[in-house]
Q: 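This is the structure I want to talk about, given as structure tokens.
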Amino acid sequence: MPVTGRTALLAAIGSLPVGVVAPSWTGFLAVNVPLALACACDFALAAPVRRLRLTRAGDTTTRLGEHADVQLTVTNPTARPLRGELRDAWPPSSWQPGTEVAASRNRLDVPPGERRRLTTRLRPTRRGDHRADRVTIRSRGPLGLFTRQGSHRVPWTLRVLPPFTSRKHLPSKLARLRELDGRTSVLIRGQGTEFDSLREYVPGDDTRSIDWRATARQSAVAVRTWRPERDRHILLVLDTGRTSAGRVGDAPRLDASMDAALLLAALASRAGDRVDLLAHDRRVRALVQGKAAGDVLPSLVTALATLEPELVETDARGLTATALRAAPRSSLIVLLTSLEAAPIEEGLLPVLPRLTQRHTVLVASVADPHITEMAGARGSAEAVYDAAAAAQAQAERRRTAEQLTRYGVTVVDAIPDDLAPALADAYLSMKVAGRL
């Protein structure tokens with residue numbers, strides 16, 4: 001038989017020890033009835049959460065490592081004041097570690113019929129799309145005895161773009177490009193470049209550039225100057241398979257490859273070349289084609305923002321076939337992939353002649369700086385074993401690079417901080433040599 005509230009009270013009074021006087025019904029009611037009435041009034045006077053109106057505004061994009069401000073406007077259409085707390089929930093990767101609680105919680109005080117704007121400052125730690133979760137509001141009564149709580153869905157998406165840290169190298173690379181392009185006093189000679197003008201020979205010039213007919217017509221030796229060809233096609237191919245997921249330092253290899261691709265795209269578009277992008281593993285993950293010079297970099301940044309490594313083995317045949325369709329005529333194909341022996345020997349090498357037959361191919365790979373540190377370690381038996389393992393890994397990468405070189409492929413192998421400028425230098429060297 002269930003015990004009622006009165007039965008439980010009488011049982012409790014009956015169990016009191018001798019000498020303890022049970023409270024009278026009058027005293028019990030005198031204390032608890034006013035308290036119950038106060039709680040009921042406090043609950044009734046708290047602003048209802050469900051009737052509140054919430055809207056968002058603010059930033060929709062930011063770069064990784066930078067902050068973004070999203071405004072949340074809370075409108076109180078009721079006749080009761082809103083006092084309480086608000087929590088604006090976002091994915092954990094939208095905040096710097098340890099700052100989520102302070103950044104997502106705000107105190108609220110909205111009089112009847114008014115609105116207040118709150119700002120949530122996000123500092124994402126991962127690329128991609130970050131979508132807002134629920135907004136939870138806790139409304140307190142005037143006495144603070146009871147609260148109402150509810151949640152609202154207020155959609156908002158913040159796209160976090162790649163940081164493009166290598167853009168600091170762009171001014172120096174553009175200065176070198178201006179030299180090659182003839183906008184300074186230094187001009188070049190190379191196969192496949194455009195004739196620009198004649199000038200007087202100076203010591204150090206290539207004797208093959210001497211124009212003997214022009215020299216015969218004047219007293220000084222004349223040399224031909226050349227301007228690199230423009231409107232060449234460059235296809236950036238990102239391997240997004242399992243090898244790109246390996247972390248070097250604090251980031252996946254894919255992030256370093258993206259950074260290098262962005263610097264090369266910015267440089268090549270300024271040089272007058274056309275730049276396309278293909279990201280592929282077992283299928284196409286991103287494809288950017290036919291963009292004007294001014295739209296190349298924004299289009300690439302947007303396409304790369306949501307790109308993540310896939311834990312699958314890259315289909316080298318499918319990647320090659322897709323690249324050939326994306327580059328129907330002679331082009332520079334820049335393949336950003338790993339130099340691990342197995343994927344190269346079993347996947348890329350059998351299909352590489354299809355690319356090199358028609359195109360100039362450049363392979364760029366991210367090296368692990370920790371391997372270099374291990375190779376120089378000494379002082380203990382464990383350090384010596386580590387050094388031997390690192391030396392073996394470096395030797396395998398060199399053998400793989402040599403295999404690619406035999407097919408006429410240019411190989412750039414550098415640590416994450418050096419990959420972007422090294423790839424840009426390789427591109428400029430090809431310009432100098434007239435290989436583009």
Side-chain angles (χ1 to χ4, degrees), residues 64-65 93 96-98 125-127 162-163 165-166 168-169 237-261 263-264 281 308-316 319 334-352 361-427 429:
L64 184 65
S93 58
Q96 288 286 350
T125 57
R126 291 186 61 182
R127 290 180 294 102
T165 55
S166 64
K168 62 187 176 185
H169 300 289
V237 181
L238 282 172
D239 178 359
T240 57
R242 64 166 184 84
T243 57
S244 67
R247 300 187 74 84
V248 177
D250 295 331
R253 281 188 168 90
L254 181 60
D255 285 23
S257 298
M258 286 182 182
D259 198 50
L263 179 63
L264 180 57
D281 39 69
E308 295 292 343
E310 299 292 331
L311 300 181
V312 297
E313 198 69 40
T314 299
D315 178 12
L319 184 149
V334 180
L335 175 58
L336 294 113
T337 186
S338 169
L339 278 183
E340 291 184 11
I344 294 294
E345 294 175 358
E346 299 174 9
L348 183 60
L349 288 183
V351 297
L352 190 58
V361 180
L362 189 157
V363 172
S365 180
V366 182
D368 190 346
H370 184 58
I371 299 296
T372 305
E373 297 174 5
M374 289 174 57
R378 297 294 186 272
S380 67
E382 183 179 356
V384 172
Y385 279 114
D386 288 344
Q392 183 179 2
Q394 290 175 330
E396 288 182 356
R397 291 180 72 88
R398 285 194 296 269
R399 283 196 298 269
T400 304
E402 289 170 0
Q403 286 180 300
L404 293 172
T405 304
R406 294 191 195 103
Y407 285 85
V409 175
T410 301
V411 179
V412 176
D413 186 20
I415 62 175
D417 292 341
D418 297 338
L419 181 64
L423 182 58
D425 288 338
Y427 164 77
S429 297

Q: How far apart are the closest heavy atoms of Leu263 and Ser166, and which atoms are they?
A: CB-OG, 3.4 Å
Q: Is any side-chain heavy atom of Met258 less than 4.5 Å from a side-chain heavy atom of Arg253?
A: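 Side-chain contact under 4.5 Å: no.
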Q: Atom CZ in Arg399, atom CD1 in Ile344: separation rounded to 0.5 Å?
A: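 The distance works out to 14.0 Å.
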Q: side-chain contact (heavy atoms from CB on, under 4.5 Å) for Leu362 and Leu335? Distances and angles first, verdict last.
A: CA-CA 6 Å; Leu362 189 157; Leu335 175 58; over 6 Å; no
Q: Measure the shortest side-chain to side-chain distance between Val361 and Tyr407 over non-hydrogen atoms and say whether it is less than 4.5 angstrom.
A: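 Result no, sub-4.5 Å side-chain heavy-atom pair not found.
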Q: Does Gln96 have more than 12 heavy atoms from other residues, nucleotides or ligands lying within 6.0 Å of its CD?
A: yes
Q: Considering non-hydrogen atoms only, spot the tightest contact between Ala245 and Pro252 and give its length.
A: O-CB, 4.1 Å
Q: Atom CD1 in Ile371, atom CD in Gln394: separation rounded to 0.5 Å?
A: 7.5 Å
Q: Could you walk me through whether Leu404 and Leu352 pass the side-chain contact (heavy atoms from CB on, under 4.5 Å) check?
A: CA-CA 9 Å; Leu404 293 172; Leu352 190 58; 3.9 Å; yes
Q: Heavy-atom distance under 4.5 Å between the side chains of Glu313 and Pro343, does that happen here?
A: yes
Q: Testing the basics here: between Pro416 and Pro369, what is the closest heavy-atom pair and its distance to 0.1 Å?
A: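 Taking every non-hydrogen atom into account, CD-CD, 3.9 Å.
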Q: Could you check whether Ser365 and Arg397, counting side-chain N and O atoms only, form a donor-acceptor pair closer than 3.5 Å?
A: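 There is such a pair (donor and acceptor under 3.5 Å, judged by atom type) between the side chains of Arg397 and Ser365.
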Q: To the nearest 0.5 Å, what is the distance between CD (Glu396) and CG (Leu339)?
A: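 Between atom CD of Glu396 and atom CG of Leu339 there are 11.5 Å.
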Q: When rounded to the nearest 0.5 angstrom, what distance separates CG in Asp368 from CE in Met374?
A: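 One finds 9.0 Å between CG of Asp368 and CE of Met374.
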Q: Are any side-chain N or O atoms of Thr125 and backbone N or O atoms of Ser93, one a donor and one an acceptor, separated by less than 3.5 Å?
A: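 Yes, the answer is positive, given that a donor and an acceptor are paired below the 3.5 Å cut-off.
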Q: Show the nearest heavy-atom pair for residues Leu238 and Ser257, with the distance to one decimal.
A: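 Scanning both residues, the minimum pair turns out to be CD2-CB, 3.7 Å.
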Q: Any side-chain donor-acceptor pair under 3.5 Å between Asp239 and Ser244?
A: no
Q: Which atoms form the tightest heavy-atom contact between Gly347 and Ala316, and what is the distance?
A: O-CB, 3.1 Å
Q: May I ask you to decide if Glu340's main-chain N or O and Ser338's side chain share a donor-acceptor pair within less than 3.5 Å?
A: yes
Q: Verify side-chain contact (heavy atoms from CB on, under 4.5 Å) between Val334 and Val237, making sure each step is shown before the conclusion.
A: CA-CA 6 Å; Val334 180; Val237 181; over 6 Å; no
Q: Determine whether Leu336 and Leu423 make a side-chain contact, defined as any pair of heavy atoms from C-beta on separated by less than 4.5 Å.
A: yes
Q: Could you tell me the separation between the CG atom of Leu64 and the OG1 atom of Thr165, rounded to the nearest 0.5 Å?
A: 9.5 Å
Q: How many angstroms lie between atom CG of Leu348 and atom CG of Leu319, to the nearest 0.5 angstrom?
A: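 Rounded to the nearest 0.5 Å, the CG-CG separation comes to 8.0 Å.
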Q: More than 12 non-hydrogen atoms from neighbouring residues, nucleotides or ligands closer than 6.0 Å to CZ on Arg247, yes or no?
A: yes
Q: Apply side-chain contact (heavy atoms from CB on, under 4.5 Å) to residues Val363 and Val412 and explain how you reach the verdict.
A: CA-CA 6 Å; Val363 172; Val412 176; over 6 Å; no
Q: Taking all heavy atoms of Asp413 and all of Val366, pick out the closest pair and write down the distance.
A: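 Shortest heavy-atom separation between Asp413 and Val366 comes out as OD1-C, 4.3 Å.
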Q: Would you mind checking if Asp281 and Arg242 are paired as a salt bridge, meaning a charged N to carboxylate O distance below 4.0 Å?
A: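 Salt bridge between Arg242 and Asp281, a charged N being under 4.0 Å from a carboxylate O: no.
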